[in-house]
Amino acid sequence: MSPAAFASSRPRRHRPAYQRVIERLVEGVIRACGASAILFVFGIFFFVFREAAPLLGKLDWHQVLFSQEWYPTSRANVRYGVGALIVGTLSVTGLSMLLAVPFGVGAAVFVSEFCTGRVKETLKVLIELLAAIPSIVWGFIGLSVMNQVIQALFPAPVGLNLLNAAILLALMSVPIMVSIGEDALKAVPDSYREAALALGVTRWQLVYRVLLPAARNGLLAAVLLGVGRAIGETMAVLMATGHAVNIPHSLFDPIRTLTATIAAELGETSVGSDHYRMLFVIGVMLFTITFIVNLLADLAVRGVRKR
Amino acid sequence: MVTSPPKIEVRDLRLAYGHKEVLHGVSFAVPSHEIFGIIGPAQSAKTSLLRCLNRTIEFTPHIHVSGSIRVDGQDVRRVPDVYELRRKIGMVAPLPVGLPLSIYDNVAFAPRCAGLTNRQELEARVEKCLRQAALWDEVKDRLDTLGTKLSGGQQQRLTIARALSHEPEILCLDEFSIAIDPVTTMRIEDVLKELRREITIILVTNLTQQARRLADRTMFLWNGEVVELDRTEVMFSDSPKDRRTYDYVQGNFG
Ligand SMILES: Nc1ncnc2c1ncn2[C@@H]1O[C@H](COP(=O)(O)OP(=O)(O)O)[C@@H](O)[C@H]1O
Ligand SMILES: [Mg+2]
């Protein structure tokens, strides 16, 4: 064996120094990227929490959580009851998901499994376009179009209410669900489809017995992103809910959400005042709600996986 | 000899993917309870031929099929219910595809989809098929673990059990031993010898000796054409009709 051949067959550990340095560097950068994601989340939470903290000890929590008296600017009788706001956020999000999940998952299945070629491409482009509509535009649609549609179709005196906002939120989250859900279904290997169809099952049976279970994690992620968008949405709900502090008793009652409250009032408070801090407390609550939703979803995925 | 109508009869079958014709007029007939071997090098359209039988070829876009395929005397393209046709034909793919379900659910999948809901009947069916596939003893205590957790050979037997689960009259195996060890292969071959009493078997194989061991008659398919079709002893004798058959089965090419 010639010396040159011998050298090239040596173990790779003896590579030139600069290669090792580059490798270390790349590794470091990747690590930093990963760490920064965690850092940002904690950073955001920290700064929101810091603004809210001085008020936390002074609050009557029973009143905050269960009272619907939100009088932050009253002189004689200040009340920070966010009960109605929490109910508002949860009800509008829940209702919108009730509308959006079947629709979104159904559309994802349709695009992924029942469309081919040009139809599929066109639909995907349209859905991406829908996802790109800014929320203020949805707000306008709620204010002008949906408002009148609801007044015309239902015996409701005003069209700015729970139903209006829920429909808007559903329309906003469906495109996200469809595009992520379609990716999840596309990731299911074709061999599953072939194998199942060769067993003499119909396409519907294939969808609900094989594809939906196989893609469930991705589909759940799709639904969660939709939920996230719905909970966090501010502008459209501010315009379409009627923005009245109120626990809804029907679909046609106006409501107010946590997010819209922050958006509408933060500009008018003086920095450091109790009202100002209270809005940050609401921010912490929003954080907590999304955290719980994510946690529940995570547990659900694990539970399903264990079976 | 009584001439009953053939179980499968293929006449002048042509198949093209787009403009590329891969089956150039293939004809053969398989009587009931025969093990029919199909040998041939890769790319000779053996898999495509099987996919024509149960019409799963239709899921590939831009295909053209001509000629006729009859199963029990009925043209597969005119069957009233294609799902029934597919249930009549069990398919085993070269690489085992465990559906992402438990062992039990993998086998119960097709019967359930066909409308069998009675628990006892389902359990009996699953046990019967797993026994037929010589897998029951190895998995009977862990029927609810994922099918994909099994070893390669076990997974292949699971797909055989699954292919039997809808009680087919024909079983097609497509190079089933490509990814499994010789011992498991021999076990499955024994299973096939048992099964032929009940059903008709089409055995596509890349191992010519496997066809020699199992098949009653063997067809040599080459580049989408039938080179020779005869009793297996003749195909593997020193004097098959076609020189290419001799070369192929002797391992001189392919
Ligand atoms: N889905 C497909 N689309 C286009 N061509 C295909 C497809 N499947 C197989 N072919 C072509 O058909 C020919 C036969 O393939 P195949 O039936 O898989 O042969 P074999 O199973 O004998 O190896 C090959 O040339 C292959 O490229
Ligand atoms: Mg093949």
Side-chain angles (χ1 to χ4, degrees), chain A residues 105 108-124 180-223 300-307, chain B residues 47 50-51 53-62 79 81-102 104-116 129 144-148 155 158-159 161-168 170-172 174:
Chain A
V105 173
V109 167
F110 178 71
V111 172
S112 159
E113 304 301 317
F114 294 86
C115 293
T116 48
R118 194 157 298 162
V119 180
K120 187 170 183 166
E121 293 314 310
T122 317
L123 276 177
K124 282 170 81 171
I180 310 275
E182 203 250 340
D183 286 344
L185 287 166
K186 199 161 59 185
V188 176
D190 272 343
S191 59
Y192 288 179
R193 296 184 176 83
E194 282 256 340
L197 289 167
L199 289 168
V201 309
T202 64
R203 278 167 117 191
W204 285 112
Q205 289 171 328
L206 171 70
V207 167
Y208 74 77
R209 286 185 190 257
V210 178
L211 299 181
L212 292 185
R216 65 180 170 239
N217 287 356
L219 289 172
L220 196 71
V223 168
V301 171
R302 270 165 222 253
V304 174
R305 214 182 272 154
K306 240 191 230 140
R307 263 200 324 132
Chain B
T47 303
L50 291 187
R51 294 180 64 214
L53 294 185
N54 70 351
R55 282 180 47 183
T56 47
I57 193 80
E58 287 169 11
F59 303 124
T60 308
H62 314 300
V79 290
D81 182 358
V82 65
Y83 306 113
E84 201 171 300
L85 171 76
R86 293 197 184 122
R87 284 196 289 270
K88 205 184 238 187
I89 303 177
M91 275 283 171
V92 177
L95 297 174
V97 181
L99 292 173
L101 304 168
S102 71
Y104 183 91
D105 288 338
N106 256 290
V107 185
F109 177 74
R112 272 193 192 131
C113 287
L116 184 68
C129 295
D144 51 358
T145 53
L146 268 181
T148 41
Q155 280 196 48
L158 181 62
T159 61
R162 198 175 60 198
L164 294 169
S165 68
H166 40 91
E167 308 198 308
I170 300 163
L171 181 65
C172 299
D174 188 2

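Every chain is numbered from 1, with letters handed out A, B, ... down the list of sequences.
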For Glu58(B), is the CD atom crowded, meaning more than 12 foreign heavy atoms sit under 6.0 Å from it?
yes
Would you mind telling me which of Pro100(B), Ala163(B), Ala110(B) has the largest number of heavy-atom pairs within less than 4.5 Å of chain A?
Pro100(B)
In Å and rounded to the nearest 0.5 Å, what is the CG to CG distance from Leu212(A) to Leu206(A)?
9.0 Å
Which bit of Leu101(B) comes within less than 4.5 Å of chain A, counting heavy atoms only: side chain, backbone, both or neither?
side chain
Among Met91(B), Arg55(B), Arg112(B), Glu84(B), residue most engaged with chain A (heavy-atom pairs, under 4.5 Å):
Arg112(B)
Taking side chain as C-beta onward, heavy atoms only, is Val97(B) less than 4.5 Å from Glu194(A)?
no
Under 4.5 Å from any heavy atom of chain A - which part of Arg51(B)
side chain
Quick check for you: to the nearest 0.5 Å, what is the distance between Thr56(B) atom OG1 and Leu50(B) atom CG?
8.5 Å
